[in-house]
Amino acid sequence: MSPRSLCANTKRNQNILKISVFALILLILLQYYVMTTTEHRLRVLAIGLRNGNSLANLNATAGTGSKSSRLKTPPFSVLRENGSSVGTTLPLCPVVSPELIGPIHVIKRGPAPWNWLERNLLVEKGGRYKPEGCTSRHRVAIIVPYRDRDDHLRLFLQNMHPFLMRQQLDYGIYIVEQAGRTAFNRAKLFNIGYAESIKDYDWQCFIFHDVDLVPEDDRNIYSCPDHPRHLSVAIDKFRYSLPYDDIFGGASAISREMFEKVNGFSNVFFGWGGEDDDMSTRLRKHNLIITRYPERFARYRMLSHKAAVKNRERHSILTQNLNHSHKDGINSLDYKLKTKEQRPLYTRVLADVISTKVEDDTRWKDNPRLLQLVKEIGSVDLARAYLSSS
Ligand code: UDP
Ligand code: BGC
Ligand code: MN
């Protein structure tokens, strides 16, 4: 063989080798893609189907999803401040999740038993989830104030987990339960949820959510834009229309940055009403505008319950709090944590909302009217202010 043809042969062999290596790499990548997307699709489909189950066919499906057959999500990777992940090279999820289905069938009655929910809602301990094939664009903590509403809680989780999964969020559900029998303090429970959740993970977005509200359309995305977003725009209980422009109750989204800027919620609203209006005032004070999705997406069903007892002091607290917000909020938050545990479908935070300072404070002990007020509103200073103004 001449030196020239020997050289041409070697070159050809090199080219064949290069093409083979390239083809092999391509094949491996293709196989990986097919495997991950197929498993993911199957899982989402399974969730969708299970979400559609009524109690009538519950018995037929109960027991089919044993712990060992649950499809596992990968372990949580640590996320940096800017959202890039450490130890994984997964691409960012698409801006619009391809898993959205639009209007959803809401399960309003007949909550499934806990063991069925735990077998069929495919989330990690503590009610945590993140998409498999991509890095979520949003790290979202759902904070729910709670006491004595077991049926609502089960319906909430049954509806909400599949909804949030389809939005490809990196999320966790925190159920913040008020211990004891003092008047319910929704806003302080939100502050407690914020404080406890940031000990667990670098959440960037908070959804403050009533347990009895179930969204009817998954295009109502639970993320945090630059300004706060009021989510529960159209609720069946209010005939699907907004009761008033500044309303911020029900379900709302605030970024961590904005929440800290306004010093969180007020801690002094015990009993029903006013605490969300106080938050609207805080937002306005900081030039933050309440944004909303269109009514056709931001629709909710409210699970039925008896009306709560209204806080008769709420209007005067609101007025007094106009100048108080910088010292009443997350910077003055004081509570007794009783339990914090990662249950299969949510993180449970049980707390006594009466601040330790109030109990230690002996100034009011000789004044029964003041004592009563302190117990009701949880603040010696505010109670004194009421007494002097009434
Ligand atoms: N809540 C609760 N137990 C109570 C009172 C209130 O869990 O005893 C929580 C629950 O999340 C509820 C929210 O606080 O959805 C708001 O209270 P409620 O539903 O009574 O007020 P509404 O918004 O319907 O007027
Ligand atoms: C209360 C709010 C409540 C709203 C709608 C207002 O009067 O102050 O707390 O969210 O009514 O029910
Ligand atoms: Mn309600």
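We use all heavy atoms of the structure for the numbers below, so side chains are in, but hydrogens, waters and symmetry mates are not. Just follow the structure's listing: the first ligand is 1, and inside any ligand the first atom is 1.
- In this structure, H152 and H305 have perpendicular ring planes: the angle between them is above 60°, well past the 30° mark.
- A side-chain contact (heavy atoms from CB on, under 4.5 Å) with V106 is found for exactly one of V214, D217, L303, namely V214.
- Distances below 4.0 Å separate heavy atoms of D276 from the following atoms of ligand 2: 2 (C), 3 (C), 9 (O), 10 (O).
- Judged by distance alone, with hydrogens and angles left aside, the side-chain atoms of D151 form no donor-acceptor pair with the main-chain N or O of P111 at under 3.5 Å.
- Here the two rings, on F208 and F259, have centers that are under 6.0 Å apart.
- Classified by interplanar angle (parallel below 30°, tilted 30° to 60°, perpendicular above 60°), the ring pair F163/Y222 is perpendicular.
- Comment: R181 engages D148 in a salt bridge, judged by a side-chain N to carboxylate O separation of less than 4.0 angstrom.
- Defined by atom type and a distance below 3.5 Å, a donor-acceptor pair is missing between the side-chain atoms of D278 and S266.
- In this structure, D210 contributes its side chain and A251 its backbone to no donor-acceptor pair below 3.5 Å.
- Ring geometry for F248 against H230 counts as tilted: the plane angle lies between 30° and 60°, on a 0 to 90° scale.
- Formation of a donor-acceptor pair under 3.5 Å by the N311 side chain with backbone atoms of G271 is not found in this model.
- Classified by interplanar angle (parallel below 30°, tilted 30° to 60°, perpendicular above 60°), the ring pair Y129/Y171 is tilted.
- Atom CD in Q168 sits 13.0 Å away from atom OG in S223 (nearest 0.5 Å).
- Only side-chain heavy atoms of F238 come within less than 4.0 Å of ligand 2; its backbone N, CA, C and O stay farther off.
- The structure places CG of N159 at 8.5 Å from NE2 of H105, a figure rounded to the nearest 0.5 Å.
- Which parts of ligand 2 touch Y244 is read off a 4.0 Å heavy-atom cut-off, strictly below it: atoms 2 (C), 4 (C), 6 (C), 11 (O).
- Scanning the protein heavy atoms around atom 7 (O) of ligand 2, the nearest turns out to be W272 CH2, 4.2 Å.
- For atom 1 (C) of ligand 2, the closest non-hydrogen atom of the protein is D277 OD2, 3.5 Å.
- In summary, the atoms of ligand 2 found under 4.0 Å from a heavy atom of I247, numbered by their order in the structure, are 5 (C).
- Using a 4.0 Å heavy-atom criterion, the residues that approach ligand 1 are P145, Y146, R147, R149, F184, D210, V211, D212, K237, W272, M302, H305, A308.
- Excluding waters, the set of protein N/O/S atoms under 2.8 Å from the Mn ion (ligand 3) reads D212 OD2, H305 NE2.
- Under a 4.0 angstrom heavy-atom cut-off, P243 registers as lying outside contact with ligand 2.
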